[in-house]
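Worksheet: one structure, shown below.
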There are 2 protein chains.
Amino acid sequence: MAFPAARHDHSACIQAALDAAEQECRRRGARLTDIRRIVLELVWESHRPVGAYALLESLGRQGRSAAPPTVYRALDFLLAHGLIHRVTSRNGFIGCPHPGHAHGGQILLCAQCGMAAELDDPALDREIAQSAARLGFTVNRQTIEVEGHCPTCQAQARDDTPQ
Amino acid sequence: MAFPAARHDHSACIQAALDAAEQECRRRGARLTDIRRIVLELVWESHRPVGAYALLESLGRQGRSAAPPTVYRALDFLLAHGLIHRVTSRNGFIGCPHPGHAHGGQILLCAQCGMAAELDDPALDREIAQSAARLGFTVNRQTIEVEGHCPTCQAQARDDTPQ
DNA sequence: GGGAGAAACGTTATAACATAACAAAATTCA
DNA sequence: TGAATTTTGTTATGTTATAACGTTTCTCCC
Ligand SMILES: [Zn+2]
Ligand SMILES: [Zn+2]
Ligand SMILES: [Zn+2]
Ligand SMILES: [Zn+2]
């Protein structure tokens, strides 16, 4: 789950995500309808969290203008089947690069460029479960959102500060 | 940081929080004005995350009706000085039981009763920082919100399921 | 193929959360 | 006191999310 590089073949990201979604939906007997596929594709337009209303506008630009419930329903479906993750601290959504592969939401967010990546560290899940258990608390779901600086932006900062 | 028991002397919680806030503000040269103190007190009315508009209504019931910006400004102040934490997954706020004592937001949320508690496990912070570092990512801030079941609600579930 | 039932979608309206902008009041401090 | 700063009041609006209900599309069995 490397952090997305500044320049990479992003169309490949999108294609891979759509293929994985197709497969995961087949496996689950879920229907990846037109709208759902299009919304997923739009979520994947970047590696940044996208808001529901930004998706609405994107849909409009594609000539498929819609009302909020349409987008929210598609997002609910994609969330329910693990094809996207919600980024609560940004009121946005990002595509999941490996649906099906069970994992809690561990998300890295670059404060500079806004890019997001998944961390997906099982040791972290265990540590949280253990730590919570010490207080007698049992864990269902966990949301981890880490803000910081991605490798690319750090490198840039070094270049911009000659010294 | 034990999970708050179902029955406990909650007025003591409130008083302790207000005292700690007073002290922390003095230490920082910050002004804990009337509204700010009242909002803090209202946040502490329960151990559950409270929304800004719920606080607005509470203010109204106290005869201090106000507009949204008043509450949001008070919340911003309390956040800035570490007297409360934001619970992004609930669009709410909870009081911090130990302001001043630096700590990232690690919050446990009971899906049953809605109660919240802080986890505050430094090992967790380290694990995240290390795990992120392996991807070349440096951490600024982290939001950890864990949903599950508190000790009280687990005990209740056992009682309600005789078998 | 036809029809009952379920799932998905369209549409309108509204709820819930948050901030911009500017005026008035209170506080600080020289 | 009086200027500078901070805090609060007020109006308006922006942003995010859902309720409710009717229509269409799909599924599956006969
Ligand atoms: Zn990409
Ligand atoms: Zn970056
Ligand atoms: Zn208490
Ligand atoms: Zn509980």
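The sequence lines fix the lettering, A, B, ..., with proteins before strands; numbering per chain opens at 1.
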Quiz prompt | Separation of D:dT5 P from B:Phe77 CZ (nearest whole Å) | solution = 20 Å

Quiz item: Under 4.0 angstrom, heavy atoms only, what part of the nucleic acid is B:Arg86 near: base, sugar-phosphate, or nothing?
Solution: sugar-phosphate

Quiz item: Hey, are A:Gln23 and A:Asp19 close enough side-chain-wise for a donor-acceptor pair under 3.5 Å?
Solution: no

Quiz item: Going by distance alone, is a donor N or O of one side chain under 3.5 Å from an acceptor N or O of the other, for B:Gln106 and B:Asp125?
Solution: yes

Quiz item: Rounded to the nearest Å, what distance is computed from the CG atom of residue A:Leu55 to the P atom of nucleotide D:dT15?
Solution: 15 Å

Quiz item: With no hydrogens and no angle check, is any side-chain donor or acceptor of B:Glu145 less than 3.5 Å from a backbone partner on B:Thr88?
Solution: yes

Quiz item: Could you give the CG-to-C1' distance, from A:Leu56 to D:dG14, as a whole number of Å?
Solution: 15 Å

Quiz item: Quick one: is B:Arg73 getting a side-chain N or O under 4.0 Å of the D:dT8 phosphate, OP1 or OP2?
Solution: no

Quiz prompt | B:Arg141, CZ: over 12 other non-hydrogen atoms inside 6.0 angstrom | solution = no

Quiz item: Does B:Thr33 put a side-chain nitrogen or oxygen below 4.0 Å from OP1 or OP2 of C:dA26?
Solution: no

Exercise. With DNA chain C as reference, determine whether A:Ala74 or B:Asp76 sits nearer its 5' end, using the nearest nucleotide of each.
Key: A:Ala74

Quiz item: Starting at CZ of B:Phe93 and ending at P of C:dA16, how long is that distance when rounded to a whole Å?
Solution: 16 Å

Quiz item: Quick one: A:Leu75 CG to D:dT18 C1', roughly how many Å, whole number?
Solution: 13 Å

Quiz item: Among D:dT10, C:dA18, D:dA17, which is the nearest nucleotide to the side chain of A:Ala52?
Solution: D:dA17

Practice problem: For the residue pair B:His8 and B:His10, categorise the inter-ring angle as parallel (less than 30°), tilted (30 to 60°) or perpendicular (more than 60°). | Solution: perpendicular

Practice problem: Give A:Thr70 one of three labels, base, sugar-phosphate or nothing, depending on what nucleic acid heavy atoms sit under 4.0 Å from its own. | Solution: base

Exercise. Name the closest nucleotide to the B:Asn91 side chain, picking from C:dG10, D:dT16, C:dA18.
Key: C:dA18

Quiz prompt | Aromatic ring of B:Tyr72 stacked on base six-ring of C:dT19, 5.5 Å, 30° | solution = no

Quiz item: What nucleotide among C:dA18, C:dT28, C:dA7 has an atom nearest to a side-chain atom of B:Pro68?
Solution: C:dA18

Self-check item: base_contact_polar (C:dA15 base, B:Tyr53 side chain, donor-acceptor, <3.5 Å)
Solution: no

Exercise. With the side chain of A:Ile35 defined as its heavy atoms from C-beta on, choose the nearest nucleotide among C:dA18, C:dC9, D:dT6.
Key: C:dC9

Exercise. Identify whether any heavy atom of B:Arg36 sits under 4.0 Å from a base atom; if not, whether one sits that close to sugar-phosphate; answer base, sugar-phosphate or nothing.
Key: sugar-phosphate

